[in-house]
Amino acid sequence: MTNLHRHAPLRVALVGLGTVGGGVIRLLDTNRDLIARRAGCPIQITAISARDRSKDRGVDLSPYEWVDDMTTLAARDDIDVVVELIGGADGPALTLARQCLNAGKPFVTANKAMLAYHGLDLAGLAEKAGIALKYEAAVAGGIPVIKGMREGAAANEISRVYGILNGTCNYILTTMEKEGRGFDAVLKEAQDLGYAEADPSFDIDGVDAAHKLTILASLAFGTELDFSGVAVTGIRHVIAADIAEAAALGYRIRLVGMAENGPEGLFQRVHPMLVPLDHPLAHVDGSLNAVVAEGNFVGRLFFQGRGAGEGPTASAVVADLIDVARDEYGDAFAMPIAALMPQHRADAGKRIGRAYLRFKVQDRPGVLAEIAAATRDAGVSIESMIQRGANQADGVLMAIVTHAGEERCVLETLERLAGSDSLLQAPMVMHILD
């Protein structure tokens, strides 16, 4: 394909001037000459837009034209590509995306929520217009996992893709692990340090990771995006005792997004899991992200790096701009929309695996027998059971590790115990990564 911008600059409109937007400006300025050599032309910001014109963003915005109405950017002949960094599944971001793609203007975004909900629609518009829809920054920040999956592993049949997709959760869990502190205290610290938002629910409840997993699954398997098919459990209810028990058993707890595709259908889950110490994910600490893909010829691929923040995310955005400058487009989800397969959802209850179950119970005779009877009647085979001493009025902690079996049996165990006055709180279930 002829590179239309090899000599003329690639003219960029930047919409959204938060942390990442400022990072894009700084990166384009700092590495200007190197980027021009790699892109085949200069990449220059022509126009910018954001909600608050008066806000101090720590970068000089005077060289750029301020645009109050971002919806005008799609029709401007002096803009070659629009970068969207405002976020949100719907609203202004989606309107802007549709306007640009309908107008035949390449579009670069870091918006995983919008892609998880509307990715097929937007990819169809880009395909119809023969232009780029790029989103490397939407998943795992500066880690080139989208490019790796879409291009590097394109010849492989991928059976499973999984990983640590949210840096906030990983920071909280690994800090709890290293310092023995509780969830609430570490979350507060993460907020003070800027790792967690004032309202952290999107992160700690697993929604952010589910958005990213939806995109990865479509790329890996050539299936249609199915965000509503992701079973999501966050980390709110992981306690210090879970971390300690996992360590004693030879595991570390990580929030893992996992997708598998096979004859039984498409399986997608975001869930705190016990990861064996000999698995690479067990050693991904702090705010780092990591993604594992298993291909039938390439074997296990492991991507690790900084999954969020100004520098890594800006790096991914600018990498997409370099692709646009080179006219390296390709299909947004690695193949034409018509080739993406609708896939039925796999029955998670039929999955075979091991699980960790934690109970907080009354300190009285008969409780252990009640739980053992429930597991027996549900067909759960117990590998080990740990009971910690009473802590005054707080009750007793009990943990069970099961032998491999169908997940429906674990669910049936919980159903049999539902409503029991022996339980002081809802049990916690975490699956074990094989």
Side-chain angles (χ1 to χ4, degrees), residues 20 23-24 27 38 81 83-85 87 97 101 106-120 122-123 126-127 131-156 158 160-167 208-227 230 257-259 261 268 288-295 298 300-309 311-337 339-340:
V20 178
V24 169
L27 176 55
R38 288 180 171 161
V81 57
V83 176
E84 179 270 312
L85 300 173
L101 296 172
F107 193 75
V108 174
T109 181
N111 193 335
K112 60 262 184 183
M114 180 175 70
L115 291 167
Y117 282 101
H118 305 290
L120 290 183
L122 297 178
E127 185 179 307
I131 57 172
L133 170 62
K134 293 284 188 178
Y135 55 89
E136 185 67 64
V139 179
I143 308 171
V145 65
I146 300 300
K147 189 179 289 288
M149 295 289 292
R150 184 168 51 198
E151 300 172 18
N156 280 256
I158 306 295
R160 180 163 73 157
V161 60
Y162 60 102
I164 296 169
L165 303 176
N166 184 272
D208 174 79
H211 289 149
K212 297 170 183 174
L213 182 68
T214 302
I215 297 167
L216 286 175
S218 179
L219 277 172
F221 310 133
T223 53
E224 294 180 352
L225 295 123
D226 183 19
F227 173 70
V230 184
M258 177 178 290
N261 192 41
Q268 299 179 99
L288 294 178
N289 280 195
V291 176
V292 181
E294 297 174 356
V298 77
R300 176 190 282 177
L301 296 172
F302 183 71
F303 304 85
Q304 177 180 326
R306 293 172 62 194
T313 311
S315 174
V317 169
V318 175
D320 280 345
L321 290 173
I322 292 172
D323 277 354
V324 172
R326 294 168 171 169
D327 280 348
E328 293 178 358
Y329 290 3
D331 296 302
F333 292 98
M335 61 184 68
I337 292 298
L340 294 174

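We're numbering straight along the sequence, starting at 1. Note that the structure is predicted; figures quoted are calculated from it, not measured.
When every heavy atom of Gly23 is checked against every heavy atom of Ala314, the shortest pair comes out as C-CB, 3.5 Å. Taking every heavy atom of both residues into account, Ala132 and Val324 meet most closely at CB-CG2, 4.2 Å. Here the closest heavy-atom approach between residue Leu101 and residue Ala126 is recorded as CD2-CB, 4.0 Å. Heavy atoms only, all atoms of each residue included: Ala140 and Val145 are closest at CB-CG1, 4.1 Å. Closest of all the heavy-atom pairs between Gly87 and Glu84 is N-OE2, 2.9 Å. Minimum heavy-atom separation, Ala210 to Phe227: CB-CE1, 3.6 Å.
Between the CG atom of Leu133 and the CZ atom of Phe333 there is a distance of 6.5 Å, given to the nearest 0.5 Å. How far CG of Asp208 is from NZ of Lys112: 4.5 Å, rounded to the nearest 0.5 Å. Atoms CG and NE2, from Leu165 and His211 in turn, are 12.5 Å apart once rounded to the nearest 0.5 Å. In this structure, OG1 in Thr109 is found 7.0 Å from CG in Leu85, a value given to the nearest 0.5 Å. Taken from CD1 in Ile158 to CG in Leu301, the straight-line distance is 6.5 Å, to the nearest 0.5 Å. Considering CG of Leu225 and CG of Leu213, their distance stands at 10.5 Å, rounded to 0.5 Å.
With hydrogens and angles ignored, the 3.5 Å screen pairs a side-chain donor or acceptor of Gln268 with a backbone N or O of Asp226. Between the Glu127 side chain and the Ile337 main chain, a donor and an acceptor come within less than 3.5 Å of each other. At least one donor-acceptor pair closer than 3.5 Å links the side chain of Thr313 to the backbone N or O of Gly309. Listed for the Lys134 side chain is a donor-acceptor partner under 3.5 Å among the backbone atoms of Tyr329. Put simply, the side chain of Tyr135 gets close to the backbone of Ala332: a donor and an acceptor are under 3.5 Å apart. Asp320 places a side-chain N or O within donor-acceptor distance of the main-chain N or O of Glu136, the cut-off being under 3.5 Å. Within the 3.5 Å criterion, the main-chain N or O of Ala290 finds no donor-acceptor partner in the side chain of Gln304. Within the 3.5 Å criterion, the main-chain N or O of Glu224 finds no donor-acceptor partner in the side chain of Ser218.
Taking the side chain as every heavy atom from C-beta outward, Asp323 and Arg326 approach each other to under 4.5 Å. By the 4.5 Å heavy-atom criterion applied to side chains, Val292 and Arg300 are counted as neighbours. At a threshold of 4.5 Å between non-hydrogen side-chain atoms, the residues Leu27 and Val317 do not count as touching.
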*Check the pair Val24, Val83 against side-chain contact (heavy atoms from CB on, under 4.5 Å), reporting the backbone distance first and the verdict last.*
CA-CA 10 Å; Val24 169; Val83 176; 5.6 Å; no

_Worked verdict on Phe107 versus Leu122 for side-chain contact (heavy atoms from CB on, under 4.5 Å)_ = CA-CA 10 Å; Phe107 193 75; Leu122 297 178; 5.8 Å; no

*asked:* side-chain contact (heavy atoms from CB on, under 4.5 Å), that's the test. Do Ile215 and Ile146 meet it? Break it down for me.
replied: CA-CA 9 Å; Ile215 297 167; Ile146 300 300; 4.2 Å; yes

_Residues Leu288, Ile164; criterion side-chain contact (heavy atoms from CB on, under 4.5 Å); working and verdict_ = CA-CA 8 Å; Leu288 294 178; Ile164 296 169; over 6 Å; no

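With Tyr162 as the aromatic partner, Arg160 meets the cation-pi criteria of under 6.0 angstrom to the ring centre and within 45 degrees of the ring axis.
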